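None of these values were measured; they are calculated from a predicted model.
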Amino acid sequence: MSDDNRYYPTEIEPRWQAKWEADGLYHADVDESRPKHYALTMLPYPSGDLHMGHWFAMTPSDARARFKRMQGYNVLFPMGFDAFGLPAENAAIKRNIHPKQWTYKNIERMRGQLKSMGASFDWRREAISADEEYYKWTQWFFLQLYKNGLAYRKLAAVDFCPTDNTTLAREQVVGENRVCERCGTPVIKKELEQWFFKITDYADELLNFVGIDWPERVQTLQTNWIGRSEGARVFFPTEAGENIEVFTTRPDTLWGATFMVLAPEHPLVEKLTAPEQQAAVAAYKEAAGRQTDIEREATDKEKTGVFTGGYAINPVNQARIPVWIADYVLLSYGTGAIMAVPAHDARDFEFARKHGLDIRVVIRPAGETWEGADLEAAWSHEGVMVNSGPFDGTPATEDKGRANPAIKAVTDWLEKQQFGAAAVNYRLRDWLISRQRYWGAPIPMIHCKTCGIQPVPQDQLPIVLPDDIEWLPTGESPLKLHPTWKNVPCPNCNEPAERDTDTMDTFMCSSWYHLRYLSPDFAGGPFDDREYNYWMPVDTYTGGIEHATMHLIYTRFFHKALRDMGIVEGAEPMLQLRNQGSVLGADSAKMSKSKGNVVAPDELVAEYGADAMRAYLMFFTRWNVGGPWNSQGIEGPNRWLRRVWTLFTEPGGPGNTVQMAMLKDLRRAVHQTLKRVTHDYENFEFNTIISSLMELTNELYRFREQGAYGTTQWREAQEVFLQMMAPVTPHIAEELWARLGKPYSIHTSKWPAVDEAAAKADEIELVVQVNGKLRDKIVVPAGTSEADMQAAALASETVQKFLEGKTPKKVIVAGGKLVNIVL
RNA sequence: GCCGAAGUGGCGGAACUGGCAGACGCGCGCGACUCAAAAUCGCGAGUCCUUUGGACGUGUGGGUUCGAUUCCCACCUUCGGCACCA
């Protein structure tokens, strides 16, 4: 300790951090006698340095975990590393350093930086997804999914990033230009055999958020992503013999289907094409195949297509309708074929007008008589069914699905007639998890020429990633190029076979890391049931919203799949989710080295200390919003902490006659603040916690001037104040707590209770308005009756001036603190 | 195009169920301390009007109300998501 009495955060902070660690102060063990709280913050990718975003995400999470701990919960707050992934491999290529070495060196560095935050992580729980003992279980989960029919292999046109040389999940392709989420390169389509997880089996359940407290925004993003639409499947017989199956959300417009459109790649195209159209169809298919997805899916593109020469029969009215192919129909959605109803669908309308196809009106507002030829655009609003045989006169609303009487009636009828059936379709695709990269968990499968695909027997896990590897960006998995690694005997016939040389999407690793934290060293399974039964589910999960349709949907799927296999319990893994916003550069752009707007937290910590940094991060903006960074602003919290230090370490005040009224005011200020601060911690309103504490600091200075120093009320104020600030600024709070002579540690002390009686004001400032405008303020005793308030307001001189002798029309007393006199 | 979120001083932001707009802080100005500076402390400030005092003021326009940053309608701007999804 320094000789002088000044605030030296760089001396205090490492000292307490060392003590907390030595004492295992934040170790959380199963304790059935206490209520548990599992606080989880998204684990970092070991990119090299802990940046501002990490601090911004983790500091409030830590503060809230500390708050919960002081409230008496047994709090588990673990930390780990999402250690597999592309950047490590790209670094290997660029700097000629092994991905493993690069990753573990970064982890070492970041672990130290994380410790400098003074967060209350239980480091015994650390889990690193690239550790063999970790990915052994990632592979084990893959095998469980495989055995339960939730992992399958399929040849499909998949998204491929030509820069990162790997396939991607649909979720990892973003934006209008369909670019790789990691590197921003436009993706291309490749026909490849890949592993998928059947997340679509859980589409409906994933839409259900009952029982979990997740932000509306995330629920909306996931709901839109899953994209459920209700409608019907309908079979259209063709003259070639085969049926065309379509999905439609508007079965009520079936009588208006005047042609059909297949995606160019649809398997029936060949059969349906008439000899005289073969050349045209082949040419169109080839042209469509050459286009990129971006070109093809551009909404403003003119609708092209060609007639196949084939005809289908509309099952509801036996109409003979032509079958076309066009690239505005996508093979990947629905059945890859549509019934076209140009009168009631904008796309079909455009196509019909361009190619001179029939437009038949089947829904029209009552009283109108227009027909297809009169239309300027497709009619997609409400009306009454016409030209629809038995359904003429049925009202059609704009409601979707069975809420629409027309859709309901026609769907029921279709089922009876066996023309089709009610059906639900989703935008969600199965999760593609194969990656043609080295730095990931190898897929534990073996390809045998005679036995086909064989799972690796469980007792052979983990399939260890070889260290001796060449990182050539070839588009093939580096594991394939390893001279020996892939060669294994088939587990079934023992003949030479080959390992799957792809690795798993790292989102697979992060789908279950919250389970590995429970028992990172457990060898008997992915987690120890005893720990699971006590700690799960996660009570509070915090992280960025950018994971709404990736990690956050995968981990819910994963949990539900494990539940159905009997591995875990409960419908959801995380009960409460809160998202932080992001810290931007001072120029409001994303912090990035290339823009030169990166501010390194380490430098600020070295200058101001972790506590000032933590306080500023929680103070400078609404946590769930984020915003541009301004280093200058840290001066505020920095001065505040210095003022607090001085307030607590220097005796003050002239010590003249202490007035009881003043001490009552002091207690009121303390307990009112405590009430607000408790509420704000509970509700993730961190910026106002700091404001309230700053306000109280300013008031405490005034009370000290008035001679409060040395009284029991002053002592209480000091203790409660330190406890309130402890979750935000743990080091200075611990130091001053010790200097007050309080027992170690403030972080395991009991959160103070609000003394409601003390918090209550005994005088209130009555706001007096005339015609809604503020005119006067009068101090009256708390509990003054409304009549007395009214009288006091009317008696006010200022008010009399505004009344100008008139009698008020009406006097309103509101909220026990305001009188409005209406003239 | 569809869906969602947000617009408050020079800046970040506050305002619990409609009830004192601008708390708290940054920056700024003035003063004290100092030979001087830094640090610290004190005071000041939404805009406009000459003042004691008043008018206006929460993206714009309207509405409901005794009273609107808060509720309703329309519009503008910014950001995010989805997008030929049948």
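Using a 4.0 Å heavy-atom cutoff across all strands shown, A:Arg643 reaches sugar-phosphate atoms only and no base atom. A:Arg702 comes within 4.0 angstrom of no nucleic acid atom, judged by non-hydrogen atoms across all strands. Across all strands shown, A:Arg233 has no heavy atoms under 4.0 Å from either base or sugar-phosphate atoms. Residue-level contact check: A:Phe351 touches neither bases nor backbone, having no heavy atom under 4.0 Å from any strand. Residue A:Arg676 is out of contact with every strand shown, counting any heavy-atom pair closer than 4.0 Å. Within the nucleic acid shown, A:Asn698 comes within 4.0 Å of sugar-phosphate atoms alone, with no base atom in reach, counting heavy atoms only. The residue A:Trp640 sits apart from the nucleic acid: no heavy atom pair falls under 4.0 Å. At the heavy-atom level, A:Thr549 lies nowhere under 4.0 Å from the strands shown.
If you find the closest nucleotide of RNA chain B to A:Met339 and to A:Lys773, the one lying nearer the 5' end belongs to A:Lys773. Both A:Phe247 and A:Val173 lie close to RNA chain B; mapped to their nearest nucleotides by heavy-atom distance, the more 5′-ward contact belongs to A:Val173.
At B:C41, none of the side-chain N or O atoms of A:Arg639 fall inside 4.0 Å of OP1 or OP2 (strictly under the cut-off). Residue A:Ser229 places at least one side-chain N or O under 4.0 Å from the OP1 or OP2 atom of B:A86. Distances shown here put every side-chain N or O of A:Lys801 at or beyond 4.0 Å from the OP1 or OP2 atom of B:G53.
Counting to the nearest Å, the C1' atom of B:U78 and the CG atom of A:Leu584 are 13 Å from each other. Rounding to whole angstrom units, NE2 of residue A:His344 and P of B:A86 are separated by 17 Å. Look at CE on A:Met618: it is 15 Å from C1' on B:G25, rounded to the nearest Å. In this structure, A:Trp645 places its CH2 atom 16 Å from P of B:C41, rounding to the nearest Å. Nucleotide B:C26 holds its C1' atom 7 Å from the OH atom of A:Tyr616, rounded to whole Å. As a whole-Å value, the separation of A:Leu552 CG from B:G81 C1' is 15 Å. One interatomic measurement links the two molecules: CH2 of A:Trp324 to C1' of B:A86, which rounds to 18 Å at whole-angstrom precision. Taking atom CZ of A:Arg170 as the reference point, atom C1' of B:A83 lies 10 Å away to the nearest angstrom.
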For RNA chain B, the dot-bracket pattern of Watson-Crick and G-U pairs whose distances stay under 3.5 Å, | for other-strand partners: (((((((..(((......[....))).(((((.......))))).((((...))))..(((((..]....))))))))))))....
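B:G9 and B:U47 are spaced 9 Å apart, taking the C1' atom of each and rounding to whole Å. Comparing the same atom, P, in B:U51 and in B:G1 gives a spacing of 50 Å after rounding to whole Å. Nucleotides B:C11 and B:C16 are separated by 23 Å at their P atoms, to the nearest Å. Only the P atoms considered, B:U17 is 42 Å distant from B:C30, to the nearest whole Å. B:G29 and B:A38: their P atoms are spaced 11 Å apart (whole Å). Comparing B:C72 with B:G19, their P atoms sit 15 Å apart, to the nearest whole Å. With P as the reference atom, B:G10 and B:G4 are 33 Å apart, rounded to whole Å. Separating the P atom of B:G22 from that of B:G27 is a span of 22 Å, rounded to the nearest Å.
Remark: A:Asp213 engages A:Arg578 in a salt bridge, criterion side-chain N to carboxylate O under 4.0 Å. Salt bridge status for A:Arg360 with A:Asp358: absent, with no side-chain N to carboxylate O gap under 4.0 Å. With respect to A:Asp204 and A:Arg228, a salt bridge is recorded, a charged nitrogen being found less than 4.0 Å from a carboxylate O. Taking a cutoff of 4.0 Å between a charged side-chain nitrogen and a carboxylate oxygen, A:Glu265 and A:Lys285 do not qualify as a salt bridge. In this structure, A:Arg402 does not pair ionically with A:Glu230, as no charged nitrogen and carboxylate oxygen lie closer than 4.0 Å.
Taking the six-membered ring for Trp and the full ring otherwise, A:Tyr616 and A:Trp629 have centroids separated by under 6.0 Å.
Ranking B:C84, B:C24, B:G54 by closeness to the A:Arg775 side chain, first place goes to B:G54. Between B:G27, B:G81, B:C56, one nucleotide has an atom nearer to the side chain of A:Leu221 than all others, and that is B:G81. Across B:C84, B:C66, B:G27, the shortest atom-to-atom separation from the side chain of A:Gln632 is found for B:G27.
Ring-plane geometry between A:His547 and A:Phe507 is classed as perpendicular, the angle between the planes exceeding 60 degrees on a 0 to 90 degree scale with a lower cut at 30. Between A:Trp623 and A:Phe56, the two ring planes are tilted [angle within 30° to 60°].
Counting non-hydrogen atoms of other residues, nucleotides and ligands closer than 6.0 Å to CD of A:Glu756 gives a total above 12.
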Test log, rule salt bridge (charged side-chain N to carboxylate O under 4.0 Å, His left out), inputs A:Glu302 and A:Lys354: CA-CA 9 Å; A:Glu302 245 197 90; A:Lys354 190 168 169 211; 3.1 Å; yes
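A donor-acceptor pair is defined here as one N or O able to donate and one able to accept, closer than 3.5 Å; such a pair exists between the side chain of A:Asp430 and the backbone of A:Thr200. At least one donor-acceptor pair closer than 3.5 Å links the side chain of A:Arg614 to the backbone N or O of A:Val728.
B:G62: glycosidic angle beyond 90° from 0, hence anti.
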Per-nucleotide protein contact string for nucleotides 10-23 of chain B, where B marks a base within reach and S marks sugar-phosphate only (heavy atoms under 4.0 Å, - for neither): --BSS-B--BB--B
